Amino acid sequence: QVQLVESGGGLVQPGGSLRLSCAASGTIFSINAMGWYRQAPGKQRELVAAITRGGTTNYADSVKGRFTSSRDNAKNTAYLQMNSLKPEDTAVYYCNASRVITLIPWSEDDYWGQGTQVTVSS
């Protein structure tokens, strides 16, 4: 069984920063890509950032230059550094881990975290 646990959300003023973490636990052999998605009230879930096992990153246009995705493969943990936050960044942020391979028992699947609330407001 694989679990993703996000942390680091909260309330921040416009222009402030937050750092989200996503820790994957279980008998994990490898994780392909880890991504961050967000969903604001009344809107569809959207991809914010993703990072491959090799460190290649991809960002939504709305966060380029402000957000930075990173990961520690040894710890099966991904991070999202969010700077210059805007009110429109307010949403529940979800972590996704794709093509997670476990050995005991063998499996390959995708997983989601429970989400963490980020609120940007003065």
Side-chain angles (χ1 to χ4, degrees):
Q1 184 74 13
V2 174
Q3 289 188 324
L4 301 184
V5 178
E6 299 122 332
S7 61
L11 173 65
V12 64
Q13 292 186 340
S17 298
L18 284 174
R19 188 190 194 211
L20 305 182
S21 298
C22 172
S25 62
T27 55
I28 297 170
F29 175 71
S30 67
I31 301 174
N32 183 27
M34 299 188 78
W36 291 95
Y37 292 72
R38 67 187 180 187
Q39 188 166 19
K43 295 187 176 181
Q44 289 188 330
R45 189 173 298 190
E46 62 174 355
L47 176 66
V48 176
I51 182 167
T52 67
R53 183 173 180 80
T56 300
T57 55
N58 182 43
Y59 299 96
D61 288 343
S62 60
V63 306
K64 283 181 180 177
R66 300 188 298 122
F67 291 11
T68 301
S69 178
S70 61
R71 65 188 282 179
D72 184 333
N73 291 331
K75 296 181 179 179
N76 292 321
T77 300
Y79 306 95
L80 184 67
Q81 178 66 43
M82 305 185 294
N83 298 328
S84 302
L85 282 161
K86 304 175 181 179
E88 50 263 43
D89 294 319
T90 296
V92 178
Y93 283 69
Y94 297 91
C95 176
N96 171 268
S98 67
R99 292 185 60 191
V100 180
I101 296 176
T102 64
L103 295 180
I104 304 173
W106 188 91
S107 70
E108 182 176 340
D109 210 340
D110 297 347
Y111 295 89
W112 289 91
Q114 80 287 354
T116 185
Q117 177 70 46
V118 171
T119 302
V120 185
S121 176
S122 55

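These values consider heavy atoms only, across backbone and side chains, with no hydrogens, waters or symmetry-generated copies. Position 1 is the first residue of the sequence; numbering continues from there. What you are looking at is a predicted structure, and each value in this text was computed from that prediction instead of being measured.
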Exercise for the section: May I have the step-by-step check of side-chain hydrogen bond (donor to acceptor under 3.5 Å, both in side chains) for Asp110 and Ser98, ending in yes or no? Expected result: CA-CA 4 Å; Asp110 297 347; Ser98 67; 4.9 Å; no
Exercise for the section: Determine the minimum heavy-atom distance between Ser84 and Ser17, stating which atoms define it. Expected result: N-OG, 4.4 Å
Handout entry: Joint hydrophobic cluster, Tyr37 plus Leu80, side-chain heavy atoms closer than 4.5 Å
Key = no
Practice task
Mind listing the closest non-hydrogen atom pair of Trp36 and Ala78 along with its distance?
Solution key: CZ2-O, 3.7 Å
Exercise for the section: Treating Ile, Leu, Val, Met, Phe, Trp and Tyr as nodes and any side-chain heavy-atom pair under 4.5 angstrom as an edge, say whether Val63 and Val12 lie in one connected cluster. Expected result: yes
Problem - Residues which pass salt bridge (charged side-chain N to carboxylate O under 4.0 Å, His left out) with Lys43, listed by chain and number, not counting sequence neighbours - result: none
Handout entry: Considering all heavy atoms, the nearest Pro14-Ser121 contact
Key = CD-C, 3.6 Å
Exercise for the section: Report yes or no: does Asn96 contribute a side-chain atom to a donor-acceptor pair with the main-chain N or O of Tyr111 at less than 3.5 Å? Expected result: yes
Problem - Within residues 7-110 or reaching into it, pairs that qualify as disulfide (SG to SG under 2.5 Å) - sequence neighbours excluded - result: Cys22-Cys95
Handout entry: Side chain to side chain, Tyr79 and Asp72, heavy atoms closer than 4.5 Å
Key = yes
Exercise for the section: Nearest 0.5 Å please: distance from the CD1 atom of Ile28 over to the CD1 atom of Ile101. Expected result: 11.0 Å
Exercise for the section: Is it possible for you to say whether Leu20 and Val48 belong to one hydrophobic cluster, with membership spreading through side-chain heavy-atom contacts below 4.5 Å? Expected result: yes
Practice task
Answer yes or no: does atom CD of Glu46 have more than 12 heavy-atom neighbours from other residues, nucleotides or ligands under 6.0 Å?
Solution key: yes
Handout entry: Sequence-distant partners of Arg45, salt bridge (charged side-chain N to carboxylate O under 4.0 Å, His left out), two or more places apart
Key = none
Problem - Backbone of Thr90 reached by a side-chain donor or acceptor of Arg38 within 3.5 Å - result: no
Exercise for the section: Could you tell me whether Lys86 and Asp89 have a side-chain N and a carboxylate O separated by less than 4.0 Å? Expected result: no
Exercise for the section: State whether the side chain of Glu6 and the backbone N or O of Gln114 hold a donor-acceptor pair below 3.5 Å, judged by distance alone. Expected result: yes
Practice task
Show your reasoning for whether ring-ring contact (aromatic ring centres under 6.0 Å, His included) applies to Trp106 and Phe29.
Solution key: CA-CA 9 Å; Trp106 188 91; Phe29 175 71; over 10 Å; no
Exercise for the section: Check the angle between the aromatic planes of Trp112 and Tyr94 and answer parallel, tilted or perpendicular using the 30° and 60° thresholds. Expected result: perpendicular
Practice task
Answer yes or no: is there a side-chain heavy-atom contact under 4.5 Å between Leu18 and Phe67?
Solution key: no
Handout entry: Side-chain donor or acceptor of Thr27 paired with backbone N/O of Thr102 under 3.5 Å
Key = no
Practice task
Treat each ILVMFWY residue as a node, draw an edge where side-chain heavy atoms are under 4.5 Å apart, and state whether Val2 and Met34 are in one component.
Solution key: yes
Handout entry: More than 12 heavy atoms from other groups under 6.0 Å of CG on Leu103
Key = yes
Exercise for the section: State, to 0.1 Å, how close Gly115 and Val92 come at their nearest heavy-atom pair, and which atoms those are. Expected result: CA-CG1, 3.9 Å
Practice task
Say whether, by atom type as modelled, one donor and one acceptor occur between the side chain of Arg53 and the main chain of Ser30 under 3.5 angstrom.
Solution key: no
Completion exercise
Heavy atoms of Tyr59 and Ala49 approach each other most closely as CD2-CB, 3.6 Å
Exercise for the section: Would you check if the side chain of Thr57 reaches a backbone N or O of Ile51 as a donor-acceptor pair within less than 3.5 Å? Expected result: no
Problem - Glu88 atom CD, neighbour heavy-atom count above 12 within 6.0 Å - result: yes
Exercise for the section: Give, for atom CE of Met82 and atom CZ of Arg19, the distance between the pair rounded to the nearest 0.5 Å. Expected result: 11.5 Å
Exercise for the section: Check whether any side-chain heavy atom of Val120 lies under 4.5 Å from a side-chain heavy atom of Val118, and answer yes or no. Expected result: yes
